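Below is one structure, written out as structure tokens; the observations come after it.
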Protein chains: 2
Amino acid sequence: MTGDGGTAGRGGKRRDAQRLTPAAVRVLETASELFYARGIRAIGVEAIAEEAGVTKKTLYDRFGSKDELIVAYLRARDALWRGTLVRYVEEQVRTPQEKLLATFDALRDWLRERNPRGCAFVNAHVELPADHPGQRVARDQKTWLLGYLRDLAAEAGAAEPEQLAGQLLILHEGASISHSLQAIPRAAERAREMAAVLVAQSLAPARVTAGTR
Amino acid sequence: MTGDGGTAGRGGKRRDAQRLTPAAVRVLETASELFYARGIRAIGVEAIAEEAGVTKKTLYDRFGSKDELIVAYLRARDALWRGTLVRYVEEQVRTPQEKLLATFDALRDWLRERNPRGCAFVNAHVELPADHPGQRVARDQKTWLLGYLRDLAAEAGAAEPEQLAGQLLILHEGASISHSLQAIPRAAERAREMAAVLVAQSLAPARVTAGTR
DNA sequence: AGGCGAGTATACTGACCGGTATAGCTACTG
DNA sequence: CAGTAGCTATACCGGTCAGTATACTCGCCT
């Protein structure tokens with residue numbers, strides 16, 4: 001027993017929903033699909049409720065408002081991608097620098113499988129107003145990824161992990177968008193090729209020195 | 001010569017508005033600012049008309065519908081960015097490979113000056129439904145940029161211009177998005193650094209004898 | 001036994017938004 | 001001089017959408 005039980009002493013009505021009811025799970029799953037596939041602003045709560053086989057009342061009882069549902073959607077997606085990425089990277093025995101490159105393999109699979117519209121956080125950032133709580137989730141996601149890449153870069157012995165991580169993040173975002181726009185075939189693979197060059201360069205004492213400064 | 005992107009209107013109706021009336025110019029300028037700054041879906045025609053000092057009737061007389069106004073906005077922005085980029089690249093005497101890198105300097109200035117929300121076409125692509133006519137304008141923009149980069153790459157004597165152009169496009173998009181998300185400071189500069197490495201590598205492979213023509 | 005959490009069903013409100021209608025004004029031009 | 005292009009002003013329509021209200025059912029847990 002977590003002991004948190006609802007001993008009525010609390011005035012505030014908490015709806016944080018750590019544990020979701022079955023209906024809430026369906027709502028969240030449906031919302032995730034529709035928000036991602038057709039855009040957050042483009043889809044209404046009515047459509048979500050209907051598609052989830054739930055009444056609007058239930059939706060509002062569980063999530064409080066569309067804005068909160070949006071945040072829940074982004075958080076769920078955040079957790080999903082983090083898990084997928086880290087699992088992919090750690091899955092096999094790899095050298096640290098192979099791990100850095102493996103993040104692009106993970107991205108390739110992720111985009112290929114069921115994410116034609118690119119990064120949900122970038123999309124949310126574009127769609128939502130600047131002061132929407134979802135913006136924070138989106139930024140946190142990028143901050144986390146940057147940190148993860150930095151850690152891997154440091155582990156690999158990069159000369160300047162922070163800088164390399166920044167470069168790789170740009171490649172991730174660029175590949176994601178280019179895929180979504182269908183501007184370039186196999187964008188993730190191309191980003192990986194670039195990453196390979198940069199990682200190699202960052203690990204080898206400067207030789208090329210393209211330094212136009 | 002880049003095969004120009006085309007965008008030739010097929011069997012267009014009237015109201016193509018090559019020459020805009022003074023009121024139409026104000027509407028388009030206002031719409032451009034508001035659509036870009038706050039999002040296409042977030043802003044209504046009423047707000048645009050009011051801000052432009054124009055009645056809704058005039059707006060509809062000139063542009064027909066919000067969708068057509070959106071297309072006009074995207075086309076105008078397309079022309080603006082193409083002009084700015086090409087002018088920047090051709091402005092000074094540069095070697096072909098300096099031109100490739102200069103596109104990132106142009107991007108840096110563009111983002112720094114008045115475009116904190118990144119690429120308007122990426123934003124439009126995210127905001128608009130898949131079958132919206134604006135999607136075509138957005139894709140054409142990317143196709144043009146890819147072609148422009150390919151031509152510069154070929155001019156510079158890159159081993160595989162198409163491939164290099166694709167890489168550089170990914171870098172452009174990645175820098176743009178990273179800037180917009182404020183995930184990385186000086187994203188365009190970092191993208192330029194990466195581009196420098198890739199360009200150097202693309203020109204140097206298999207002892208090219210560096211025929212600096 | 002009974003209370004409550006979770007849910008269904010349906011109807012409703014209030015705001016906003018894209019687009020239309022009507023009426024009138026001014027300046028140019030054939 | 002009359003017609004028309006370009007414009008203002010205002011009111012209105014129909015639809016959509018977030019969110020609320022009411023009333024009722026079912027099953028679990030004290």
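Chain A is the first sequence line, chain B the second, and so forth, proteins listed ahead of strands; every chain is numbered from 1. Being a predicted model, the structure only gives us computed values, none of them experimental.
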Residue pairs fulfilling side chain to side chain donor-acceptor pair (under 3.5 Å) with at least one residue in [range], sequence neighbours excluded:
range	result
residues 129-147 of chain A	Asp67(A)-His132(A), Arg136(A)-Asp140(A), Lys142(A)-Glu173(A)
residues 20-35 of chain A	none
residues 112-121 of chain B	Arg77(B)-Asn115(B), Asp109(B)-Arg112(B)

- Note on the structure: From the list Met194(A), Arg192(A), Glu189(A), side-chain contact (heavy atoms from CB on, under 4.5 Å) with Phe104(A) holds only for Arg192(A)
Excluding sequence neighbours, so at least two apart, what forms side-chain hydrogen bond (donor to acceptor under 3.5 Å, both in side chains) with [X]?
X	result
His172(B)	Thr103(B)
Thr95(B)	none
Arg190(A)	none
Arg94(A)	none

- Anything under 4.0 Å to a heavy atom of chain A counts; send over the first and last such nucleotide of DNA chain C, read 5' to 3'. dA6(C) to dA9(C)
- Item | Inter-axis angle, terminal five-pair segments of the helix from dA1(C)-dT30(D) to dG30(C)-dC1(D) [nearest 10°] | 10°
- Message: For Arg108(A), is there an ion pair with Asp105(A) - N to carboxylate O distance below 4.0 angstrom?
- Response: yes
- Query: In Å and rounded to the nearest 0.5 Å, what is the CG to CH2 distance from Leu145(A) to Trp81(A)?
  - Reply: 7.5 Å
- Message: Any non-hydrogen side-chain atom of Tyr73(A) less than 4.5 Å from a side-chain atom of Ile40(A)?
- Response: yes
- Is there a side-chain contact between Gln163(A) and Glu193(B) (heavy atoms, below 4.5 Å)? yes
- Item | Length of the OH-P vector between Tyr60(A) and dC17(D), whole Å | 12 Å
- Message: With hydrogens left out and only the distance checked, is there a donor-acceptor pair under 3.5 Å joining Lys66(A)'s side chain and the base of dG19(D)?
- Response: no
Please list, pair by pair, any protein nitrogen or oxygen found under 3.5 Å from a nitrogen or oxygen in nucleotides 3-8 of chain D.
from   : atom 1 : to       : atom 2 : distance (Å)
dC7(D) : OP1    : Thr21(B) : OG1    : 3.3
dC7(D) : OP1    : Ala23(B) : N      : 3.0
dC7(D) : OP2    : Thr21(B) : OG1    : 3.1
dC7(D) : OP2    : Arg62(B) : NE     : 3.1
dT8(D) : OP1    : Gly53(B) : O      : 3.0
dT8(D) : OP2    : Thr55(B) : N      : 3.3
dT8(D) : OP2    : Thr58(B) : OG1    : 2.9

- Item | Stretch residues 34-52 of chain A: residues that reach within less than 4.0 Å of DNA chain D through a heavy atom | Ile43(A), Gly44(A), Val45(A)
- Output all residues satisfying side-chain contact (heavy atoms from CB on, under 4.5 Å) with Lys56(B), sequence neighbours left out; order by chain, then residue number. Val45(B), Glu46(B), Ala49(B), Tyr60(B)
